[in-house]
Amino acid sequence: MTYRRFKWLSGCIVAGIVVVTIAGMLIFSHHSRPASSRKQDKIGEYVYIDRLGILHANRKCSRLNYKGMTSYRLRVSEGYSHDRELICPKCVSDEMYEALP
């Protein structure tokens, strides 16, 4: 192997390690924060109920959009009952649940 090829190969390896390190930091950085700081603190105008009756606060929740699961939205001010026991722990925080009317 020539010096020129060795230099090129070393540069590629170092660049690959840097890319993998940065990608890992971006992917796993949100897991180190507490759950309360990842979630929004305020409930929106609508809540979303999936076909299993589970309450979701975020329309983009991965558990709500799981494999084409049907759901409907419900305006919080017009008829949501706070007695619902099934809530999504991924997108509804304790503060959001207590803020529901």
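Keep in mind that the numbers below use all heavy atoms, side chains included, and drop hydrogens, waters and symmetry copies.
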Hey, are the side chains of [X] and [Y] touching, using non-hydrogen atoms and a 4.5 Å cut-off?
X	Y	value
Cys91	Arg63	no
Leu55	Ile49	yes
Asp50	His56	yes

*Got a sec, which hydrophobics cluster with Leu64, joining ILVMFWY side chains under 4.5 Å apart, including via others?*
Tyr46, Tyr48
_Apply the hydrophobic cluster definition, ILVMFWY joined by side-chain contacts under 4.5 Å directly or through others, and give me every member besides Val19._
none
_Sequence neighbours excluded, every pair satisfying side-chain hydrogen bond (donor to acceptor under 3.5 Å, both in side chains) that has a member inside residues 7-18_ = none
*asked:* Just to verify, what does Thr2 make a side-chain contact (heavy atoms from CB on, under 4.5 Å) with, not counting sequence neighbours?
replied: Arg4, Arg5
*Which distance, rounded to the nearest 0.5 Å, do you find between the CD1 of Ile13 and the CG of Leu9?*
4.0 Å
*Test side-chain contact (heavy atoms from CB on, under 4.5 Å) applied to Val47 and Leu74, Ile87, Val92, Asn58, the passing residue*: Leu74
*For Arg73, what residues pass the side-chain hydrogen bond (donor to acceptor under 3.5 Å, both in side chains) criterion, not counting sequence neighbours?*
none
*Ser62: partners by side-chain hydrogen bond (donor to acceptor under 3.5 Å, both in side chains), with sequence neighbours left out*: Lys90
*Do you reckon Leu52 sits in the same ILVMFWY cluster as Leu86, going by side-chain contacts under 4.5 Å, direct or chained?*
yes
